2 protein chains.
Amino acid sequence: MRIGQLAQSVGVDTQTIRFYERQGLLPPPGRQENGYRVYTEKHVERLAFIRRCRILDLSLAEIHELKRYQDAPHQSCTAVNALLDDHISHVRSQITALQALEKQLVSLRARCNDDREVKACGVLAGISEGSMHQQ
Amino acid sequence: MRIGQLAQSVGVDTQTIRFYERQGLLPPPGRQENGYRVYTEKHVERLAFIRRCRILDLSLAEIHELKRYQDAPHQSCTAVNALLDDHISHVRSQITALQALEKQLVSLRARCNDDREVKACGVLAGISEGSMHQQ
DNA sequence: ATTGACCTTATAGCGACTATATAGTTTTAA
DNA sequence: TTAAAACTATATAGTCGCTATAAGGTCAAT
Ligand SMILES: [Zn+2]
Ligand SMILES: [Zn+2]
Ligand SMILES: [Zn+2]
Ligand SMILES: [Zn+2]
């Protein structure tokens, strides 16, 4: 299986596959005489795993870490679960921050009804005043 | 006022100030004979404005756009308000996406109680299975 | 013989900084 | 007075996870 086929079967760009290889996420495949990469079913699985991790918004570093755990299958999975717990709290704090941001933006927006002159725009005034509780 | 003073009074790194200048966000200041940048109160206000925009997570492009509107103070502010509306919907869709992600992660995490072998870890199994509704 | 689809590497760009290297200037203190 | 510390300058590279471009080699079909 060549790179284009792998790319299509997992739904990834060929560039991305080479990128993962350079990053050490995907093991270097064999090569044909002409230099073309040759992949196996294991590569398909591995790449699909990476993609599913990315859908979960795990960073490449976190995926690396998961890989290291997979390579020691008889150890306790505490670290795996902890990684996920950490990631969940990453996501939660992002949500919290964005919700606070949304509140701020909505109240800023409420300072202007349409059709004023820019000079009198409540939104611009609100930003310029600095009447924002930071963070 | 030199760059360090400006940086301290607004709470920004000097590098960031030079970066904003290169980006055309902050007008190039005057220079002393020795080449040092000299800033005025207007620069302080302008930089503070930029920072408040960044706290609202507006992109540098969006801040540029706001600046253009400020330069035409007698036009209608419809575009300003529209920019903010767009930005609010950016933020809202980010929140929605992250909430869906959180749900997925929490249900994945529920598949494993601690102290299993990695081999039997419900989290890793969950990712590998691909039993994830995508997006 | 040439088109087209595929493959290769190398390099640069995105956004918004941040860090490093190297060098010149000013200020402070021994 | 001189040496160190603190400040300034430019240029360049790194962050993250790709994505795009350039310039070329390979292969099958027309
Ligand atoms: Zn994470
Ligand atoms: Zn307005
Ligand atoms: Zn926006
Ligand atoms: Zn587990």
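Order of the sequence lines fixes the chain letters, A, B, ..., with proteins taken first and strands second; residue numbering starts at 1 for each chain. This one's a predicted model, so the numbers in the text were calculated from it and none came from an experiment. No hydrogens, no waters, no symmetry mates; every other heavy atom, side chains included, goes into these values.
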ask   = Is B:Arg2 reaching over with its side chain to a backbone N or O of B:Leu6, donor-acceptor style, under 3.5 angstrom?
value = no
task = Measure the angle between the two terminal helix axes of the helix from C:dA1-D:dT30 to C:dA29-D:dT2, five base pairs each, and quote it to 10°.
result = 30°
task = Decide, yes or no, whether a salt bridge links A:Asp114 with A:Arg109 under the criterion of side-chain N to carboxylate O below 4.0 Å.
result = yes
inquiry  = Please give me the minimum heavy-atom distance between B:Ile17 and B:Leu26, naming the atom from each residue.
reply    = CG2-CD2, 3.8 Å
Whole-Å distance separating the CD atom of A:Glu21 from the P atom of D:dC18 = 16 Å
Position toward the 5' end of DNA chain C (nearest nucleotide), B:Ser59 or B:Gln15 = B:Ser59
request  = Could you walk me through whether A:Ile63 and A:Arg54 pass the side-chain contact (heavy atoms from CB on, under 4.5 Å) test, one step at a time?
outcome  = CA-CA 8 Å; A:Ile63 300 172; A:Arg54 292 293 302 132; 3.7 Å; yes
task = Could you pull out all residues at least two apart from B:His64 that satisfy ring pair (Phe, Tyr, Trp, His ring centres under 6.0 Å)?
result = none
task = Assess whether side-chain contact (heavy atoms from CB on, under 4.5 Å) is satisfied between A:His87 and A:Asp57, documenting all intermediate values.
result = CA-CA 9 Å; A:His87 187 62; A:Asp57 206 29; 4.1 Å; yes
ask   = For A:Gln32, does the CD atom sit with more than 12 other heavy atoms under 6.0 Å from it, leaving out its own atoms?
value = yes
remark   = From CZ of A:Arg18 across to P of D:dT21 the rounded distance in Å is 15 Å
request  = State whether A:Thr16 places a side-chain N or O below 4.0 Å from either non-bridging phosphate oxygen (OP1 or OP2) of D:dT19.
outcome  = yes
DNA chain D contacts made by residues 31-39 of chain A, counting heavy atoms under 4.0 Å = A:Asn34, A:Tyr36
key: For B:Tyr39, all residues meeting ring pair (Phe, Tyr, Trp, His ring centres under 6.0 Å), sequence neighbours excluded   = B:His43
Under 4.0 angstrom between A:Arg22 side-chain N/O and D:dG17 OP1 or OP2 = no
query = Sub-3.5 Å donor-acceptor pair from the side chain of B:Arg52 to the main-chain atoms of A:Ser128, do we have one?
reply = yes
ask   = Of the residues in residues 1-8 of chain A, which ones touch DNA chain D at a heavy-atom distance under 4.0 Å?
value = none
query = Which whole-number value in Å describes the distance from A:Ile17 CD1 to D:dT19 P?
reply = 12 Å
request  = With a 4.0 angstrom cut-off to heavy atoms of chain B, pull out the first and last contacting nucleotide of DNA chain C, in 5'-to-3' order.
outcome  = C:dA16 to C:dT26
inquiry  = Surrounding CD of B:Gln75 (heavy atoms of other residues, nucleotides or ligands, distance under 6.0 Å), is the total greater than 12?
reply    = no
query = If we only count heavy atoms from C-beta on, is the A:Leu66 to B:Ile127 side-chain gap below 4.5 Å?
reply = yes
